[in-house]
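The next block holds one structure in the form of structure tokens; read it before the comments.
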Amino acid sequence: MEIKVIKDVLEANNYIACKVKEEIAKRQAMMINIIGSPGAGKTSFIVKTIQYLDIKSVVIEGDVTSDIDSRKVAEFGIPVVQVNTGGGCHLNANIIDLALQELSSSAENAIIFVENVGNLICPASFDIGEDFKVVISSIPEGHDKPYKYPAIFEKAKVTVLNKIDLMKYVDFNKDYFYEGVLTLNPKGHIFEVSSILGDGMKEWTRWLKLQFMKKFNR
Amino acid sequence: MLHELSITSAILDTVLSELPADCNKVTRIDITLGDLSGFVGEHVKYYFELLSRDTPASDAILTFDYKRSKFRCTNCGKLYERSDFSIRCPYCKSMGTLIESCNSVYINRIEVE
Ligand SMILES: Nc1nc2c(ncn2[C@@H]2O[C@H](COP(=O)(O)OP(=O)(O)O)[C@@H](O)[C@H]2O)c(=O)[nH]1
Ligand SMILES: [Mg+2]
Ligand SMILES: [Zn+2]
């Protein structure tokens, strides 16, 4: 017997993601899903961003097993919740749903930064109820990332090109990188930053703040 | 580790949830895989064998239909598919834009006994 199904296999995850989205809206908050390879600079970028922002911020740190990154974030006095995937290579909506309960009122009127597990494949497919995704790619990783991992560059509203301070040491074809991103995502925004020196952080955080204000007509 | 573990688990869950009450065996699962998803059919098969043990889907044959995303050249207007290292129009070498994105994983049909 044949059964026609035609069903997105991520429907169950997407359903929870919708619930998370509602919960975040109820808290007058905004959630950003930060995705990048290990070492791209996700943690550094989040910390630097929050230092430049004058908006209440909290962090959800996703990692396979460790809590090194959340301790790093906490050192800066930023509220942080650690979530572990216990081997899984990405976060899913269910994990975030639980983390939000733990954050309770500290995640109200705030920007919630979620550091996803270092990986460019699965996090592109698994929505977590975020307002938008940010993909971080760094100069030393090379200019061909959009060609090797097209899905995340298509889906991320923002592409961050990090470690721009290393540009002079690395053979990085910026035109080729931009072309890949913009072909996949013509409406995407690209910010060039150094999460260590702070280059480009003003432009990025000005844009981010605008999104936050717009969401609730503040 | 391969990236297909959770997507395979989602495939299995979806199939089992679609199974009518009077069926106890899934013999075939037809899956549509978008090329932008980054998931590889062979890896899905590998995990499926492990995950489906002791379920009604343990002997199912998996088939994959790969859907390729379409781009349109901004210069000559032709439709094209990307190659591994180029995302430009193969006819005139200009830039294009993604107009049909295939990035999801669908169950299309299943066969049961
Ligand atoms: N030169 C330079 N190094 C950076 C920059 N951002 C991060 N790093 C370094 O890159 C390494 C990995 O950064 P981290 O934030 O832990 O990356 P994550 O694994 O993506 O969270 C650390 O040694 C950082 O100091 C940057 O903009 N410029
Ligand atoms: Mg980190
Ligand atoms: Zn052309």
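Residue numbering restarts at 1 for every chain, and letters A, B, ... go by the order of the sequence lines. These numbers come from the heavy atoms of this one structure, side chains and all, not from hydrogens, waters or symmetry mates.
- Shown here is A:Leu166, whose CG atom has more than 12 heavy atoms of other residues, nucleotides or ligands within 6.0 Å.
- The two atoms that bring A:Leu10 and B:Ala10 nearest to each other are CD2-CB, 4.2 Å, heavy atoms only.
- Atom CD1 of B:Ile61 sits in a sparse spot, with 12 or fewer heavy atoms from other residues, nucleotides or ligands closer than 6.0 Å.
- Here OG1 of B:Thr27 is found 10.0 Å from CE of A:Met1. Values are rounded to the nearest 0.5 Å.
- Atom CD1 of A:Ile121 and atom OG of B:Ser6 lie 12.0 Å apart (nearest 0.5 Å).
- Shortest non-hydrogen contact noted between B:Ile7 and A:Phe126 is N-CZ, 4.3 Å.
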The test is side-chain contact (heavy atoms from CB on, under 4.5 Å); show your working for A:Ile6 and B:Asn108 and say whether it passes.
CA-CA 4 Å; A:Ile6 316 197; B:Asn108 241 333; 3.9 Å; yes
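- Among B:Asp13, B:Thr8, B:Leu12, B:Ile11, the single residue meeting the side chain to side chain contact (heavy atoms under 4.5 Å, CB included) criterion with A:Val9 is B:Ile11.
- The environment of CD in B:Glu49 is sparse: at most 12 heavy-atom neighbours from other residues, nucleotides or ligands sit within 6.0 Å.
- Separating the CG atom in B:Leu5 from the SG atom in A:Cys89 is a distance of 7.5 Å, to the nearest 0.5 Å.
- Proximity to chain A is limited to the side chain of B:Cys23, based on heavy atoms less than 4.5 angstrom apart.
- With chain A as partner, the option from B:Ile99, B:Thr97, B:Val112, B:Leu36 having the largest number of non-hydrogen pairs under 4.5 angstrom is B:Val112.
- Ranked by heavy-atom pairs under 4.5 Å with chain A, the list B:Ser101, B:Ser69, B:Cys102 is led by B:Ser101.
- Environment of CZ in B:Phe64: crowded, with over 12 heavy atoms of neighbouring residues, nucleotides or ligands closer than 6.0 Å.
- Only the side chain of B:Ser104 comes within less than 4.5 Å of a heavy atom in chain A; its backbone stays farther off.
- Heavy atoms of other residues, nucleotides or ligands lying less than 6.0 angstrom from NZ of B:Lys67 number 12 at most.
- Contact detail for A:Cys122 and B:His3: the closest heavy-atom pair is SG-O, 3.2 Å.
- For chain A, no part of B:Arg28 is nearby; none of its heavy atoms comes within less than 4.5 Å.
- Expressed to the nearest 0.5 Å, how far CD1 of A:Ile152 lies from CG of B:Asn103 amounts to 10.5 Å.
- For the atom pair A:Glu154 CD and B:Leu98 CG, the distance stands at 5.0 Å (nearest 0.5 Å).
- Interface remark: B:Glu113 contributes no atoms to any contact with chain A (heavy atom separation under 4.5 Å).
- To the nearest 0.5 angstrom, A:Leu182 atom CG is 11.0 Å from B:Thr74 atom OG1.
- Using a 4.5 Å cut-off between heavy atoms, A:Tyr149 does not touch chain B at all.
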Report the C-alpha distance between A:Tyr147 and B:Ser86 in whole Å, list the side-chain angles of each, state the deciding distance to 0.1 Å, and finish with yes or no for side-chain contact (heavy atoms from CB on, under 4.5 Å).
CA-CA 7 Å; A:Tyr147 301 84; B:Ser86 174; 5.9 Å; no
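- Tested against A:Val5, the residues B:Ile29, B:Val15, B:Ile110, B:Asp30 include a single side chain to side chain contact (heavy atoms under 4.5 Å, CB included) partner, B:Ile110.
- Only the side chain of B:Ser17 comes within contact range of chain A, with at least one heavy atom under 4.5 Å from a heavy atom of that chain.
- The two atoms that bring B:Pro20 and A:Ile3 nearest to each other are CD-CD1, 3.4 Å, heavy atoms only.
- For A:Asn119, the part lying under 4.5 angstrom from a heavy atom of chain B is the side chain only.
- Not one N or O on the side chain of B:Arg88 forms a donor-acceptor pair closer than 3.5 Å with the backbone of A:Glu179.
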